[in-house]
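These notes are about the structure you will find just below.
Both counts, for ligands and for their atoms, begin at 1 and track the order of listing. Side-chain atoms are counted along with the backbone in the values below, which use heavy atoms only and exclude waters and symmetry mates. Count residues from 1 along the sequence.
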Amino acid sequence: MTRDFVYSTSPSHIVFGAGKLDTVGDWLDRIGCRRALVLSTPHQKADAERLAETLGSRAVGVFAGAVMHTPIDVTETAMDVVHQTGADCVVSLGGGSTTGLGKAIAYRTDLPQIVIPTTYAGSEVTPILGQTEAGRKTTVRAASILPEVVIYDPALTLGLPVAMSVTSGLNAMAHAVEALYAEDRNPVSSLMAIEGLRAFRESLPQLVAQPSDAEARAEALYGAWLCGTVLGTVGMALHHKICHTLGGTFDTPHADTHAIMLPHTAAFNAVAVPELLAPVAKMFGGSVGGGLWDFARAAGAPLALKDLGLSEADLDRAAEIATQSPYRNPRAIDRPSIRALLQDAWEGRRPAN
Ligand code: NAD
């Protein structure tokens, strides 16, 4: 094997451990911020208000309007609050939607971000921002988007509903699977991807059986950090392209779409790069796509796109969009084979390999 790679490290501070939510104030001091605007979704507003209260005068307000896919009009409303309050940083408490809003503010202002993730989506460790305007999703990548501090407190994930834990975990695993065959992968990204997959392989079944198992929650969040990190480090391929198409054009829910598509896209690419996906086959009972599908099914994940409200008639258009300006992929892509793959995923069939 020829060793040939580029490896760049992230400048972020990663803080991990149960109870670390209590260190937000210390981290504000460390990065020289005195006027934090705390962000959340409407659903997590009470948690955001509690956090703001514990920060005392270091918090200048709460904006609890974050929603999925970072619509520009929500960002503009939040920007008004940033200006009115004179905030000098944002503290994002929640999943990828809240992190997305914090990133959108940082992209416009260069304000520092502290992110406290409560799902496994992984956005907190990427310099990528997806935004939507008039139903169109665009993605930008910039150094200002990468959060300065990420505080992973597994205690905050104890109440993440089981169904969401499973789809969010499979969403994270999809980052790791695609990292294994990324053209710009490096030895460290591959190590992190395999370790991230292992962490979910062990913790997700435990979480399903016992959602309040603190050790399993910590292991899953550790996996989320690893999988998110590789998402931010190396390029994604067919799987992410299809999920962005389905979410962006047909508004299918983010994590569920990833969960359903992963076994199918992994099986499709395993034909071209079996050696790169061998660690996945080994971890999931000998077969990449079939093994991931069995794992998802045992965890109670959704298995069929038709259950997300996508109609069979939409599949032609989805295949057309997903094969336009495709991301780099280890296996050549053509419309008929992607259409067939989508049909299998729509019906919820178990991949053969
Ligand atoms: P989400 O942030 O939309 O959360 C879903 C719901 O669950 C929200 O109502 C939220 O408040 C609630 N929730 C979150 N954590 C909870 C907890 N611990 N307990 C109870 N409820 C909780 O969902 P998500 O899947 O984390 O994020 C999806 C968004 O993130 C999408 O817009 C996606 O595009 C984006 N994303 C971006 C990147 C990136 O690198 N830019 C990476 C992954 C995801």
Is it true that, when you exclude Arg108 itself, more than 12 heavy atoms of the residues, nucleotides or ligands shown sit nearer than 6.0 Å to its CZ?
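Correct, the count exceeds 12.
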
Measure from [atom] to every heavy atom in [options] and give the option owning the shortest one.
atom                    : options                       : result
atom 15 (N) of ligand 1 : Thr157, Thr167, Thr118        : Thr118
atom 3 (O) of ligand 1  : Gly96, Ser97, Ala121, Gly94   : Ser97
atom 20 (C) of ligand 1 : Pro71, Cys227, Ala172, Pro161 : Pro161

Taking only heavy atoms of [X] into account, list the atoms of ligand 1 that are under 4.0 Å away from them.
X      : value
Lys103 : 39 (C), 40 (O), 41 (N)
Thr126 : 39 (C), 40 (O), 41 (N)
Gly95  : 2 (O), 26 (O)
Leu156 : 18 (N)

hydrophobic_cluster_shared for Val150 and Val90, side chain cutoff 4.5 Å =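 No; tracing contacts between hydrophobic side chains, which count when under 4.5 Å, never links both residues.
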
Would one find an N or O of [X], backbone or side chain, under 3.5 Å from an N or O of ligand 1?
X      : result
Thr98  : no
Leu231 : no
Thr119 : yes
Ser168 : no

To check you understand the geometry: which heavy-atom pair defines the closest contact between Ser203 and Glu219, and what is its length?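 Ser203 and Glu219 have their closest heavy atoms at CB-CB, 3.8 Å.
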
| field | Cationic tip of Arg201 above Phe295 ring, under 6.0 Å, 45° of axis | value |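 Checked: cation-pi criterion not met.
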
Discussion item. Check this for me, if you would: do Arg317 and Asp314 make a salt bridge, where the nitrogen-to-carboxylate-oxygen distance has to be below 4.0 angstrom?
Written reply: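 Result for this pair is no, no salt bridge flagged.
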
* Asked: So, are Glu195 and Arg198 salt-bridged, with charged N and O less than 4.0 Å apart?
  ->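 Salt bridge present between Glu195 and Arg198.
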
